[in-house]
Trainee: 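My questions will all concern the structure given below.
Here is how names work: the chains are called A, B, and so on, in the same order as the sequence lines, proteins then strands, and each is numbered from 1.
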Protein chains: 2
Amino acid sequence: MPRLQKGNLALIGDATPESAIARWERLGFSLANCPVRDVLDQIGDKWSSLILLTLADGPQRFSQLHRCVPDISKRMLTQSLRNLERDGLLIRQVFPTKPPAVEYRLSPLGQGILGPLGALVGWAEQHHDAIRQARREFDIREAELLA
Amino acid sequence: MPRLQKGNLALIGDATPESAIARWERLGFSLANCPVRDVLDQIGDKWSSLILLTLADGPQRFSQLHRCVPDISKRMLTQSLRNLERDGLLIRQVFPTKPPAVEYRLSPLGQGILGPLGALVGWAEQHHDAIRQARREFDIREAELLA
DNA sequence: AAGGATTGGTCTATAATAGAGACCGCTGAA
DNA sequence: TTCAGCGGTCTCTATTATAGACCAATCCTT
């Protein structure tokens, strides 16, 4: 149920002349067709980006991935792999050996996302210290307010 | 509780000569100090990236943001803003008017993440159709298996 | 030949998290 | 007076994640 009704639209944009909705539309986030929410919500979850980065080094089998991403449960690994496969970012290939071996590897689409994803990871690494210091300072300020 | 004990470490790396742990270390994901998990888990949640992108256009007040990000609840908006503020990505400024006005704006750090984040959004926009088609095909294949 | 480990998962029970929406004191406008 | 908006907080419920048992088949060790 959308919280933003027609009746409110006229009221939007009190600080900027351009309305919020118009700004979203201009940026391509038309709610019904928003790549940010539709794509980033998937790969932005707790495990997907980790899996993609792990597969960057080459194909891996299920149990290998389970060991490579240490804290993930089998259930979440299965689920994340299914989502990534559904989005076409990786390919699941079953070898009919006994017992069957299952290999996961990046699709061309999945290879393609490594660029932007790597840039974000690079940024995170580069500013990790600054972020952690900001957290420490915030927590100190918060503790002072309670005291 | 980590699922990866010392006892298992010797068993890792059956397909590749390099062990999984060594690979993680080489990539900088030292578990205790992993920027991917420590940073991307925060900004990779459902709302934070949306908020950052909204603030890219300029400072916004609480209620403006609430209208700009249509489906978010006040609770989650407060929480997301607090997290982003704690990480030093945005600045919360209270104007002592009556009633007080609260303005949120990107910090220099927050401005900096717009680059990598924008690259990822750009990628998402560019490949949105391919992803949606992959999903359709996956769902069709799945339905066929059930039939 | 028995016991254990490994394969790729599924299933259930429980813990953590997200969301809906009521509520708050205060102010300005109708 | 009554209503809307401000910037939230609070509670209750619904959704989601996690831990961990379990599975059948196959191998290796003893």
Side-chain angles (χ1 to χ4, degrees), chain A residues 1-5 7-15 20 37 41-42 44-48 50-51 59-85 90 92-105 142 145-146, chain B residues 1-5 7-15 20 37 41-42 44-48 50-51 59-85 90 92-105 142 145-146:
Chain A
M1 212 164 283
R3 187 125 1 92
L4 189 67
Q5 298 101 332
N8 287 333
L9 289 181
L11 299 173
I12 292 176
D14 33 7
R37 311 185 72 163
D41 270 9
Q42 304 285 331
D45 76 350
K46 192 172 180 181
W47 303 112
S48 296
L50 250 31
I51 292 171
Q60 300 268 347
R61 294 174 61 180
F62 184 88
S63 297
Q64 288 180 296
L65 281 168
H66 192 216
R67 285 187 296 257
C68 284
V69 185
D71 284 342
I72 198 172
S73 67
K74 286 180 167 188
R75 194 182 189 281
M76 289 311 296
L77 180 56
T78 303
Q79 200 172 108
S80 303
L81 288 170
R82 286 284 183 283
N83 280 338
L84 291 171
E85 186 196 1
L90 58 79
R92 177 176 181 269
Q93 188 169 9
V94 182
F95 296 95
T97 56
K98 290 196 172 186
V102 180
E103 190 179 272
Y104 294 90
R105 66 175 193 276
E142 201 184 35
L145 287 182
L146 286 178
Chain B
M1 212 163 282
R3 184 122 6 88
L4 189 67
Q5 297 101 332
N8 288 333
L9 291 180
L11 300 174
I12 292 175
D14 33 6
R37 312 185 71 166
D41 271 10
Q42 304 284 332
D45 77 350
K46 194 172 179 181
W47 304 112
S48 295
L50 250 31
I51 292 170
Q60 301 268 345
R61 294 174 60 181
F62 185 89
S63 298
Q64 289 179 295
L65 280 168
H66 192 216
R67 287 186 295 259
C68 284
V69 185
D71 284 342
I72 198 172
S73 67
K74 285 181 167 188
R75 192 183 187 279
M76 289 311 296
L77 180 56
T78 302
Q79 200 172 107
S80 302
L81 288 170
R82 285 285 182 284
N83 281 337
L84 291 171
E85 186 195 1
L90 58 79
R92 176 176 182 272
Q93 188 169 10
V94 182
F95 296 96
T97 55
K98 290 198 171 186
V102 180
E103 188 179 274
Y104 294 91
R105 66 176 193 277
E142 201 183 35
L145 288 183
L146 286 178

Trainee: Does the side chain of B:Leu81 reach to within under 4.5 Å of the side chain of B:Trp47, using non-hydrogen atoms?
Mentor: no
Trainee: Send over the distance from B:Lys46 NZ to C:dG19 C1', rounded to a whole Å.
Mentor: 9 Å
Trainee: Got a sec, which residues hit side chain to side chain contact (heavy atoms under 4.5 Å, CB included) with A:Arg92, two or more places apart in sequence or on another chain?
Mentor: A:Arg82, A:Glu85, A:Val94, A:Val102, A:Tyr104
Trainee: With a 4.0 Å heavy-atom cut-off, tell me which residues in residues 93-104 of chain B come close to DNA chain C, sorted by residue number.
Mentor: B:Lys98, B:Pro99
Trainee: What's the spacing between B:Gln79 CD and B:Ile72 CD1 if we round to 0.5 Å?
Mentor: 9.5 Å
Trainee: Only counting residues at least two apart or in another chain, list the ones meeting side-chain hydrogen bond (donor to acceptor under 3.5 Å, both in side chains) with A:Asp45.
Mentor: A:Ser48
Trainee: If every non-hydrogen atom of A:Lys74 is compared with every non-hydrogen atom of A:Phe62, which pair is closest and at what distance?
Mentor: O-CZ, 4.1 Å
Trainee: Take atom NE2 of A:His66 and atom P of C:dT7, then tell me their distance rounded to the nearest Å.
Mentor: 11 Å
Trainee: Would you tabulate the pairs of protein nitrogen or oxygen atoms and nucleotide nitrogen or oxygen atoms of nucleotides 10-13 of chain D closer than 3.5 angstrom?
Mentor:
| unit_1 | atom_1 | unit_2 | atom_2 | d |
| --- | --- | --- | --- | --- |
| D:dT11 | O4 | B:Arg75 | NE | 3.2 |

Trainee: Starting at atom CE of B:Met76, determine the distance to atom C1' of C:dG19, rounded to an integer number of angstrom.
Mentor: 8 Å
Trainee: With nearest nucleotide decided by heavy atoms, which residue, B:Gln79 or A:Arg92, maps closer to the 5′ end of DNA chain C?
Mentor: A:Arg92
Trainee: Within a strict 4.5 Å, meaning less than it, do heavy atoms of the A:Leu84 and A:Ile51 side chains meet?
Mentor: yes
Trainee: List for me each residue that meets side-chain hydrogen bond (donor to acceptor under 3.5 Å, both in side chains) alongside A:Gln93, sequence neighbours excluded, and say none if there are none.
Mentor: A:Arg105
Trainee: Which pair of heavy atoms, one from A:Gln60 and one from A:Leu65, lies closest together, and at what distance?
Mentor: CB-CG, 3.7 Å
Trainee: Would you say B:Ser73 reaches C:dA20's phosphate, i.e. side-chain N/O to OP1/OP2 under 4.0 Å?
Mentor: no
Trainee: Phosphate oxygens OP1/OP2 of D:dG8: is one of them under 4.0 Å from a side-chain N or O of B:Thr78?
Mentor: no
Trainee: Does OP1 or OP2 of C:dG19 have a side-chain N or O of B:Trp47 closer than 4.0 Å?
Mentor: yes
Trainee: Less than 4.0 angstrom between a side-chain N/O of A:Arg82 and OP1 or OP2 of C:dG9, yes or no?
Mentor: yes
Trainee: Would you say D:dC6 has OP1 or OP2 under 4.0 Å from some side-chain N or O of B:Ser63?
Mentor: yes
Trainee: Rounded off to whole Å, could you give me the CG-to-P distance for the A:Asp45 and C:dA18 pair?
Mentor: 13 Å
Trainee: How large an angle, rounded to 10°, do the end axes of the helix from C:dA1-D:dT30 to C:dA30-D:dT1 enclose when each is built from five base pairs?
Mentor: 10°
